[in-house]
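Okay, so here's the structure we're looking at.
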Amino acid sequence: MPHTDALDEIAAELYALPPEQFTAARNARAAASDRELAAAVKALRKPTVSAWAVNLLSAGGQLADAVELSAALREAQDDLDAAELSRLSRQRRALVSALAKDAVSLAEVAGVTVSAAARDDVEKTINAAVVDPGAAAAVLSGRLVRPLEAGAFDDDSLRDAVGGSFPGAAPAPATTRDDLAERRARKAAEKAVREADRSASEAARELARVAARRDKARERLDHVRERIAEVARDLEKLTSDAESAEDELATREDEHAAASKTARAAQDEAEAARSALR
């Protein structure tokens, strides 16, 4: 096995150990190696606690989702898909935070307490791996020596952050025109589904509003019809009362005429009697 591969294999094993065990284990491996490899092993630097915690994530395979997300973010930027980029950015923040907590938990299981400052470095390093392909390659090597921060390193400092050889950014998979067209067609279809869902939701809300107005109008109509029925019953009763009153008035008119005739006859008799007396 070439010395570079052997060194990287030894480095990966050493950087998975808790930092306090690193120096003794490194010296033991150097002592068991040939002169050239021993010198290279001896030159490996002890990792910081934050870098070691990130190495634990890499060894466990938990960083794969972050790397996939970084590719999706770059694709959304290339496509100028603002909505997708916003969604992926929210997803990135949530994933980075969750992975940082996982790294701290793995360190605690190994008996190492991670300080608040080191926790911040863990989160910054994972975030750098998401947004930068070179940082992703460094982190995925599992041989990180010190933490990284997005936008705060160049190629030389990035290589210096890795023990052993630098793996280099993994080349992006070749994208054919058909693949790109298929992804964009899928995004367009997903966008159409989201817009259709929003339209359906708005239509359902409008239907509910119209139904409420219809029910209110129906209730008002029922109330008016009830009032009409009440008024009709009252009118019928009043009409009957008016007819009875008319009949009674006719009777009283006849009685009045008869009484008037009797009164005039009596008056005439009285006048005749007074005349005879004179």
Side-chain angles (χ1 to χ4, degrees), residues 1-67 70 96 98-130 132-150 152-170:
M1 178 185 295
H3 279 166
T4 298
D5 292 343
L7 175 63
D8 290 346
E9 183 177 322
I10 292 171
E13 294 174 2
L14 293 174
Y15 287 123
L17 296 173
E20 66 271 15
Q21 300 177 19
F22 175 83
T23 301
R26 179 197 62 191
N27 293 341
R29 291 303 301 267
S33 303
D34 62 50
R35 180 179 300 179
E36 183 179 354
L37 181 58
V41 171
K42 195 76 171 178
L44 292 174
R45 290 162 295 153
K46 179 180 177 179
T48 66
V49 170
S50 58
W52 166 73
V54 174
N55 289 335
L56 293 181
L57 276 182
S58 177
Q62 291 98 319
L63 288 172
D65 287 343
V67 174
S70 68
V96 168
L99 287 172
K101 290 179 181 177
D102 288 346
V104 171
S105 297
L106 289 172
E108 291 176 347
V109 168
V112 178
T113 300
V114 181
S115 68
R119 292 185 188 203
D120 288 343
D121 286 339
V122 168
E123 188 161 332
K124 289 176 182 177
T125 301
I126 297 171
N127 183 64
V130 173
D132 184 89
V139 167
L140 289 176
S141 72
R143 295 181 273 113
L144 204 62
V145 176
R146 59 177 177 79
L148 301 172
E149 183 173 357
F153 55 81
D154 55 22
D155 290 345
D156 290 338
S157 62
L158 192 60
R159 290 187 179 88
D160 188 59
V162 177
S165 67
F166 187 76

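Here the structure is a predicted model, which is why all the values come from computation and not from measurement.
For the pair Asp121 and Val49, the minimum side-chain heavy-atom distance is 4.5 Å or more. Contact annotation: the side chain of Thr48 approaches that of Pro147 to within less than 4.5 Å [non-hydrogen atoms, C-beta and beyond]. In this structure, the side chains of Lys42 and Ser33 stay at 4.5 Å or more apart for every pair of heavy atoms. Looking at heavy atoms from C-beta onward, Asn27 lies in side-chain contact with Thr23 at the 4.5 angstrom threshold.
Atom CD of Glu149 and atom OG of Ser157 lie 11.5 Å apart (nearest 0.5 Å). Within the model, atoms CD of Glu9 and CG of Leu14 stand 11.0 Å from one another, a figure rounded to the nearest 0.5 Å. Taking CG of Asp154 as the start and CZ of Arg159 as the end, the distance is 9.0 Å to the nearest 0.5 Å.
Judged by distance alone, with hydrogens and angles left aside, the side-chain atoms of Arg143 form no donor-acceptor pair with the main-chain N or O of Val162 at under 3.5 Å. Between the Arg119 side chain and the Val114 main chain, a donor and an acceptor come within less than 3.5 Å of each other. Here the side chain of Asn55 pairs a donor or acceptor atom with the backbone of Leu144 at under 3.5 angstrom. Without hydrogens or angle criteria, Thr125 side chain to Leu148 main chain gives a donor-acceptor distance under 3.5 Å.
Residue pairs meeting the salt bridge (charged side-chain N to carboxylate O under 4.0 Å, His left out) criterion with at least one partner in residues 10-34, sequence neighbours excluded, are Glu13-Arg29. Sorted by first and then second residue, the ring pair (Phe, Tyr, Trp, His ring centres under 6.0 Å) pairs involving residues 17-56 (not counting sequence neighbours) are Tyr15-Phe22.
In terms of heavy atoms, Phe166 sits closest to Gly134 at CZ-O, 3.8 Å. Residues Leu37 and Ala6 come closest through the heavy atom pair CD2-CB, 4.0 Å. Across all non-hydrogen atoms, the minimal contact from Pro19 to Pro47 is CB-O, 4.0 Å. Shown here for Ala136 and Ala129, the closest heavy-atom pair between the two residues is CB-O, 3.2 Å. For the residue pair Ala110 and Pro18, the shortest heavy atom distance occurs at O-CG, 4.4 Å. Ala138 and Leu158 make their closest contact through CB-CD1, 4.2 Å (heavy atoms, listed as atom of the first residue, atom of the second, distance).
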- Taking it one step at a time, do Leu57 and Val139 satisfy side-chain contact (heavy atoms from CB on, under 4.5 Å)? CA-CA 9 Å; Leu57 276 182; Val139 167; over 6 Å; no
- Go through the steps for Asp156 and Asp160 under the test side-chain contact (heavy atoms from CB on, under 4.5 Å), then give the verdict. CA-CA 6 Å; Asp156 290 338; Asp160 188 59; over 6 Å; no
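Applying the side-chain hydrogen bond (donor to acceptor under 3.5 Å, both in side chains) rule to Asp155 yields no partners; only residues at least two apart in sequence or on another chain are considered.
Donor-acceptor pairing under 3.5 Å is lacking for the side chains of Ser105 and Asp102.
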